[in-house]
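Okay, so here's the structure we're looking at.
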Amino acid sequence: MRRARPAERAAAADADAPEPRRRGFGWQPSLAARLVLLAFVFVAVPAVLVGPFLAAEEAKRQALLRAVRTQGAVIAEGLRLALERNEEGALSTARVALERLAQPDMRLRLLFRPLDQDSVFLVGAQPPLPTETLDTERLALVAAGVPWTLPESCRGGQPLDLPYVTPGGEAEVLTSLTPFTTDGGCWGLLTSYSLSGLIGEQLARPTWRSPQVLWAAGLYGLAALLALGVIWVLWRSLRRFARLARAIAQGDAEAAQGFQRQARIPELAGIAGEFDRMVERLRASADAIRHAAEENAHAFKTPLATIAQSLEPLYRAVPVGDQRARRSLDTARAALTRLEALVQAARRVDAAMADLIDPPRRRIDLSALIGAVAESFDDPEEGVRIIADVEPGLHVLGGEDLLETVAENIIENAVSFNPIGATVRVSLRRTGRDVTFTVDDEGPGVDPAVLPNVFERYVSHRPETRPERQGTGHFGLGLWIVKRNVQAMGGMVAAENRKPRGFRVTVVLPATR
């Protein structure tokens, strides 16, 4: 291979523009990653706040309980002082003092156990209870767990936090049992609050169970679902667009209706319409390039043929001994041959560019195609020997012309480097989900300095391996076209030097059934 001259560079358009540099941060999370991150945030926020919130709620509740118990203890102390001043009418004194010391929203029940008895009596209440219900109320209190039947109860206070339902069906919370003793026996002041009141509600029902907090939690959950739902629907729509784009590229008939009819989100309808118009413009551009390539090649064909025919009479008219004229005619004929090759190379470049814009996607029997191309190059009379090892029944999605150009260019390149009588080995194998096409020659290989750029346009370094093949048709475009065609079909191509000598080109394409 050799470096192309400036005249050869006119065979194709300007070199590929450099790929634009990507701006922004090095890590660009996908929409799915953002969806997972958003879901984590929505779950983490309540998880982080619930612990401190519940701890603060419990601290507030305990502080309220201590306050109401202290209030009960103060009332009990007042009752004790009143009873010490009037021991003779203890019950009537207790009821009067109980009524006088009662606090708003607080419910008081006064229990009494005489010194010479083990029974406990409910002797008063505030608000007052009917006399006939006192025993029923006492039994209900005992059933609720009020520990007044134990002798040890009068030795210390009994902080309570018990739910209680009165015989009348009203719900309360029992907050404390404060005992005190007199000469007549042991007394106990039982304090409670109705759940219908503010203090009782705060004691029995935590703030997080209040309607306001429950509504706020519900709205937070709804907002989280809506946000996640929006991103989920957007992600699904983009995935649907991606599948549709692949289907359009593969020529799927079901995708002919385009992006706009597949849009599920009204806001994406405009974008989908632009995608449809872009696809149409790309297809029209590809067709225009193909037509222009055909027309240009045809336009050059007639004058080149005319020039070639005009040179023949001159060859016959020039005397054999006129070496100078003969050399001029040979130079003109070589230039004409080179010009014809140049026109064909430009046509191939234009066709490759068109296929990159709108690559065909049909099911191709690659085994049959590779076998036929390898057989067409096998010509022992010309010193070319091809050994083909092709696994049958391998298919890929692509264009027959694209694949045939790939196979021809790679095998022709190997043949042109192979010494006379050497062998070119062609292999086609299934490797997992891919099909691997390999061509090995026994030539001198490629200069390691040129090898990284061997698939670039105009790279041509051709040593004198076979002088008879040093023609005018090599412009450093063959392997560039191979790379472009393979990439257009979603594959990859690589090249390497073999040891001790030789060159290998490997093409990997996605397999299909």
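Atoms considered below: every heavy atom in the structure, side chains included; atoms not considered: hydrogens, waters and symmetry mates. Residues take their numbers from the sequence shown, with the count starting at 1.
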Okay, side chain of Asn497, backbone of Val446: is any donor-acceptor separation there less than 3.5 Å? yes

Side chains of Tyr193 and Glu172: closer than 4.5 Å at any heavy-atom pair? no

Any pair with a residue in residues 216-226 that passes salt bridge (charged side-chain N to carboxylate O under 4.0 Å, His left out), sequence neighbours left out, goes on the list, sorted by first then second residue, please. none

Compute the ring centroids of Trp480 and Phe455, then answer whether they are less than 6.0 Å apart. no

Determine the minimum heavy-atom distance between Val396 and Pro510, stating which atoms define it. CG1-O, 3.5 Å

Once rounded to the nearest 0.5 Å, what's the spacing between atom CZ of Arg107 and atom OH of Tyr164? 10.5 Å

So which atom in Leu509 and which in Leu403 form the shortest heavy-atom distance, rounded to 0.1 Å? CD1-CD2, 3.6 Å

Hey, could you give me the CG/OG1 distance between Leu129 and Thr166, rounded to the nearest 0.5 Å? 8.5 Å

If a pair satisfies salt bridge (charged side-chain N to carboxylate O under 4.0 Å, His left out) and one of its residues is in residues 39-56, list it, with sequence neighbours excluded. none

Between atom OG of Ser427 and atom CD1 of Ile370, what is the distance when rounded to the nearest 0.5 Å? 10.5 Å

Exercise: identify the closest heavy-atom pair between Ala94 and Trp187: CB-CZ3, 4.1 Å

In terms of side-chain geometry, is the basic nitrogen of Arg498 or Asp441 positioned less than 4.0 Å from the acidic oxygen of its partner? no

Only distances under 3.5 Å count here; give the side-chain donor-acceptor pairs of residues 39-46 to other protein atoms, sequence neighbours excluded, each with its distance to 0.1 Å.
none

Out of curiosity, Ser192 OG to Glu170 CD, how far, rounded to the nearest 0.5 Å? 9.0 Å

A side-chain contact here means heavy atoms from C-beta on lying under 4.5 Å apart; do Glu77 and Arg80 qualify? yes

So, taking the atom named CD1 in Ile481 and the one named CD1 in Ile410, what distance separates them when rounded to the nearest 0.5 Å? 12.0 Å

Sequence neighbours left out, what passes salt bridge (charged side-chain N to carboxylate O under 4.0 Å, His left out) with Glu99? Give chain and number order. none

So do Val426 and Phe437 actually touch side chain to side chain, heavy atoms under 4.5 Å? yes

Those residues that, when tested against Glu400, pass salt bridge (charged side-chain N to carboxylate O under 4.0 Å, His left out) (two or more places apart): none

Hey, does Leu110 have a side-chain heavy atom less than 4.5 Å from the side chain of Gln126? no

Evaluate whether atom CZ of Arg425 has more than 12 neighbouring non-hydrogen atoms of other residues, nucleotides or ligands under 6.0 angstrom away. no

About how many Å separate CG of Leu428 and CG of Leu366, when rounded to the nearest 0.5 Å? 5.0 Å

Thr191 side chain near Leu108 side chain, heavy-atom distance below 4.5 Å: yes

Considering residues at least two apart in sequence or located in another chain, which fulfil the salt bridge (charged side-chain N to carboxylate O under 4.0 Å, His left out) criterion with Glu391? none

Search all heavy atoms of Ile364 against all heavy atoms of Gly398 and return the closest pair with its distance. CG1-O, 3.7 Å

Might you confirm whether atom CE of Met492 has over 12 heavy atoms from other residues, nucleotides or ligands at distances under 6.0 Å? no

Side-chain touch Leu98/Arg95, heavy atoms, less than 4.5 angstrom: no

Pro179 and Leu177 have their tightest heavy-atom pair at CD-O, 3.3 Å

